[in-house]
Structure formats: C-alpha cells, structure tokens
Amino acid sequence: MQVSKLSTLTLAVAAAVALSACGKKEEAAPAGTASAPAAASAGNVIKIGFAAPLTGPQSHYGEEYKNGVTLAIEDANAEKPTIAGKPVTFELDAQDDQADPKTATQLAQKFVDDKVAGIVGHFNSGTSIPASKIYSDAGIPMIAMATSPVFTSQGFKNTFRSMTSDTQQGGVMGKFAVEKLHAKKIVIVDDRTAYGQGLADEFEKSARAAGGDVVKREFTNDKATDFTAILTSIKGANPDVVFYGGADAQSAPMVKQMKRLGLKAPLISGEMTKTPTFLQLAGKEADGTIASLAGLPLEQMPGGKDYEARYKARFKADVATYSPYGYDAARTLIQAMEQANSADPKVYLPVLAKITHQGVTSSNWTYDEKGDLKDGGITVYKVENGQWKVMETVGGGAAAKDASAAK
C-alpha cells in the first residue's frame, strides 16, 4: 500500500470505530475466547475462510473480491492437490462481515471455532484490525485487503497484505498532487474510518513534505451522501485540489455536488474510488477525477490478460478492482500449505512469511518482516470521457516502467 509506526491516535480511532458499531448489527455468531485449532481440516477437505462486505453499500467490493478467491480455489482443486501424500480439496467458507467491526470479530471467532486453515480477508481496515487479534491468538494466518498501516504494525506474526499500505499510496498521491498537478492549496476530507482517515493522514504528510499547503481538513462518515455544507465551506478556501479518503458511495455524490456548486478543483482519492461503480454513480461529473490503485493496470499485470479472460468466462462480468488480489492471496495461502506439506497453521505460517509467489498481480509476491508486500507499486488514474485512464505508475517492479508510458 511502507509501514508507519502504530500511533496512539490511530489505535484510538480503530477502537472508536469498533465501539460505535456495537448494537447496530445483528450478531453473526456468539463471540468467545479464541483458541488454537485442534486441526486445520476435516478429512481431506481444507477450509479457507473469507470475510468481506457481501451486503450493503460496499457489497460490490466484497463480491468481486470473493469471485477472485473462488476462482483461485477452483483452479487449485483442478490441479488435484496433495498434502502429506494425500489428495485434498480446498473449500471456501465465505461470510458477510457487513463492513462492521463487531460482526467481523464475531465471524473471526466462528472461523476459529470451525478450525479453518487460513483466512483471506477481511476487506476493510476497520474490520481486519480487530479481527486480526482473534486470529493471532488462535495462530491462524490471514491475508487481508486492509491497507491501513496499523494492520501490520501490531506485532502479530499472522497478518499479511494483498495490496500496498496507505503509507505508500497516500505518500505517492500527496507528492503527485504537489509536483505533478502543481497544487499549492489543498483541502482534505475523510470518512473517519480506519481506511479513509489513514489514507488521508498519509496524503497530508506527503503533500506538506512536498511543499503543499493544506488549508482545510474536513470530516464526514461512510454513510453520508449530502456534502453541501462541507463543500460550501471548501469553496471559500478556493483549493487547487480536494482529496477524499473513503469509498465510492461517498466520493461519487461528492464530486457531483462539487461540480454543481462550481468548485473547479479536481477530486483526488484512493482505490475505493477507482471503481466502475464510481463511474456509474458519478456519471458525466466523474470526468477529471483522479484516483490511485495498488499495482499495475490489469492489462500490464504479469497474469492480467489470462486472468481477465478466465474471470469473464467464469462470472460473466468484467474485472473491477480487487479480485486479482483476492486470487493471488488465496493461491499464496495454498502454495504455502503445499510447500510446508501441511495445512496446520503453525506448520505452514513460517513458510508463508518467506514465500515467493508468481501471481496474477505480481511475479514477485513476497513479504517483509511485518507482512507487507515488498514489491508493491501504485498506479494513478484519471477519468476521461467516462473511463479510467492511466496517468502514471510508481514502483511495482520493472514492468512498471512501461506502465508510465500509457496515457
């Protein structure tokens, strides 16, 4: 997404998010005390847990993410895998955490009780961070989509990412805004989630370091759709750019309201805005929006073209954003089990920590000591005529050099 040190402020925000969700969702399963799994599989079936928002305003993220994991498990099973000399079948246990921290921790305990061998997920930082403690206590590896630096800064040995962290992404975008967009006056808005605030914080640090002036910082939430009051205040500051840390369910109406109020500054955001859904929701007002996404564009990923064709054939839909990373996460988890010749988390976890995986998104999927990807990159996109177009790619290996030429 590289990693910043865990701050007291970030911990407080993550805790507040979890507490604020209490009582708002139906309980998915009774929470209890985590315990190490007695076995990682039932017979020759090895269970892999998956958790993401599968209902609600973020369900489009979770469903596409799940599709990638589903395809990975189907591909692995088609290879007739064996572990410890016996044929095995990998089975996906997909659950809806509703993007809610309380539900996520309940599901985490359920996965522990069900003795899953590993976890792909959770999707949101605000769910992954509290759930990771339960998985850590049980010794179960998790490869999450979470981008908050906090996720891998907790000192747990079981936490791994499938995308770069907000430290890198926010850092790239802050510098990009000042040096490439020549922004001098910058306004920042975030949704107060672990993801949105974390990304905005890193953007602000980088923008200031590059010489930009953050003239205003505003806050909303991940349920809001009316930003008239905030944007009216922002308009008075006459910014060169407006950065938003949050999801497309907010950034799309925000950019429409910006255009309606006559704000000339472009909206800049992160990967939760770089989606087909944003284009649909924002319509013609999407043009000019800039957003970043981890890694290379799909067509330049090492396995991107083949993956795209197979994904379309399997799900009758286009690849959006997250499924290639879900695919690689699941395949990496399975590869670690196969190399360790065991689905026992305590046996294959050290193998996972040192793995080198040749995947769809990267030909060198490896982790540092904290569980962050070593070879992460960021691509910056801009909406032109209703389509996301590549502006520039930073990092991500040698292939990234070619991506920067694509305009």
Side-chain angles (χ1 to χ4, degrees), residues 1 52-71 96 99 121 123-124 145 147 162-164 169 173 191 195-196 199 222 225 244-259 266-301 303-329 360-361 377-393 403 406-407:
M1 260 176 111
L54 301 178
T55 57
Q58 295 191 28
S59 60
H60 57 293
Y61 299 133
E63 286 292 345
E64 195 233 354
Y65 182 19
K66 185 183 74 171
N67 287 348
V69 178
T70 298
L71 187 58
D96 177 17
F123 175 77
N124 305 84
M145 198 67 74
T147 59
S162 53
M163 297 185 90
T164 51
Q169 188 170 181
M173 293 306 288
D191 65 1
Y195 162 74
L199 183 62
D222 60 353
T225 56
Y244 178 65
D248 54 18
Q250 284 68 51
S251 58
M254 182 178 292
V255 77
K256 294 182 75 170
Q257 292 164 35
M258 286 173 64
K259 299 289 179 67
L267 182 72
I268 304 177
S269 192
E271 83 281 349
M272 290 184 79
T273 288
K274 198 276 165 184
T275 65
T277 301
F278 173 82
L279 299 178
Q280 295 166 5
L281 293 175
K284 63 182 181 181
E285 285 86 2
D287 276 15
T289 301
I290 296 170
S292 56
L293 177 64
L296 298 169
L298 179 64
E299 64 273 14
Q300 296 182 38
M301 290 178 181
K305 291 182 179 179
D306 175 69
Y307 177 81
E308 182 179 29
R310 294 192 304 109
Y311 184 94
K312 284 185 176 181
R314 172 63 176 83
F315 300 106
K316 307 298 188 277
D318 291 330
V319 176
T321 305
Y322 296 101
S323 69
Y325 299 95
Y327 182 93
D328 277 354
V360 170
T361 61
I378 300 294
T379 300
V380 184
Y381 298 80
K382 183 178 182 179
V383 182
E384 297 178 357
N385 298 318
Q387 299 295 323
W388 290 109
K389 302 293 185 181
V390 175
M391 294 183 72
E392 179 176 315
T393 297
K407 295 288 191 290

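Note that the numbering runs from 1 along the sequence shown for the chain.
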Is there side-chain contact between [X] and [Y], with at least one heavy-atom pair below 4.5 Å?
X: Y322; Y: H60; value: no
X: I290; Y: M173; value: yes
X: D328; Y: S162; value: no

Hey, does the side chain of [X] reach the backbone of [Y] with a donor-acceptor pair shorter than 3.5 angstrom?
X: Y244; Y: Q250; result: no
X: Q387; Y: L279; result: no
X: K274; Y: L293; result: no
X: Y327; Y: L71; result: no
X: D191; Y: G246; result: no
X: T379; Y: G295; result: yes

Provide the closest heavy-atom pair for [X] versus [Y] in the form atom of the first, atom of the second, distance.
X: A99; Y: P53; answer: N-CB, 3.8 Å
X: K259; Y: D287; answer: NZ-O, 3.1 Å
X: V360; Y: P324; answer: CG1-CB, 4.1 Å
X: V255; Y: A282; answer: CG1-CB, 3.8 Å
X: A291; Y: G270; answer: CB-O, 3.7 Å
X: P297; Y: T393; answer: CD-OG1, 4.1 Å

Please work out which of the three classes, parallel, tilted or perpendicular, describes the rings of F123 and Y65, given edges at 30° and 60°.
-> tilted
Please report the interatomic distance [atom1]([X]) to [atom2]([Y]), rounded to the nearest 0.5 Å.
X: M163; Y: T361; atom1: CE; atom2: OG1; result: 9.0 Å
X: Y311; Y: D318; atom1: OH; atom2: CG; result: 9.0 Å
X: T147; Y: Q169; atom1: OG1; atom2: CD; result: 6.5 Å
X: Q257; Y: T225; atom1: CD; atom2: OG1; result: 7.5 Å
X: S251; Y: M258; atom1: OG; atom2: CE; result: 11.0 Å
X: T70; Y: R314; atom1: OG1; atom2: CZ; result: 6.5 Å

Member of T273, L267, T289 meeting the side chain to side chain contact (heavy atoms under 4.5 Å, CB included) criterion with M254 | L267
Can you find a side-chain donor-acceptor pair between Q58 and D222 that sits under 3.5 Å?
-> no
Side-chain H-bond candidate by donor/acceptor type, S323 with N67, under 3.5 Å | no
Among T321, T275, D248, T277, the one residue meeting side-chain hydrogen bond (donor to acceptor under 3.5 Å, both in side chains) with Y61 = D248
Mind jotting down which residue pairs meet the salt bridge (Lys or Arg N to Asp or Glu O under 4.0 Å) criterion with at least one end in residues 57-68? Sequence neighbours excluded, please.
-> E63-K66
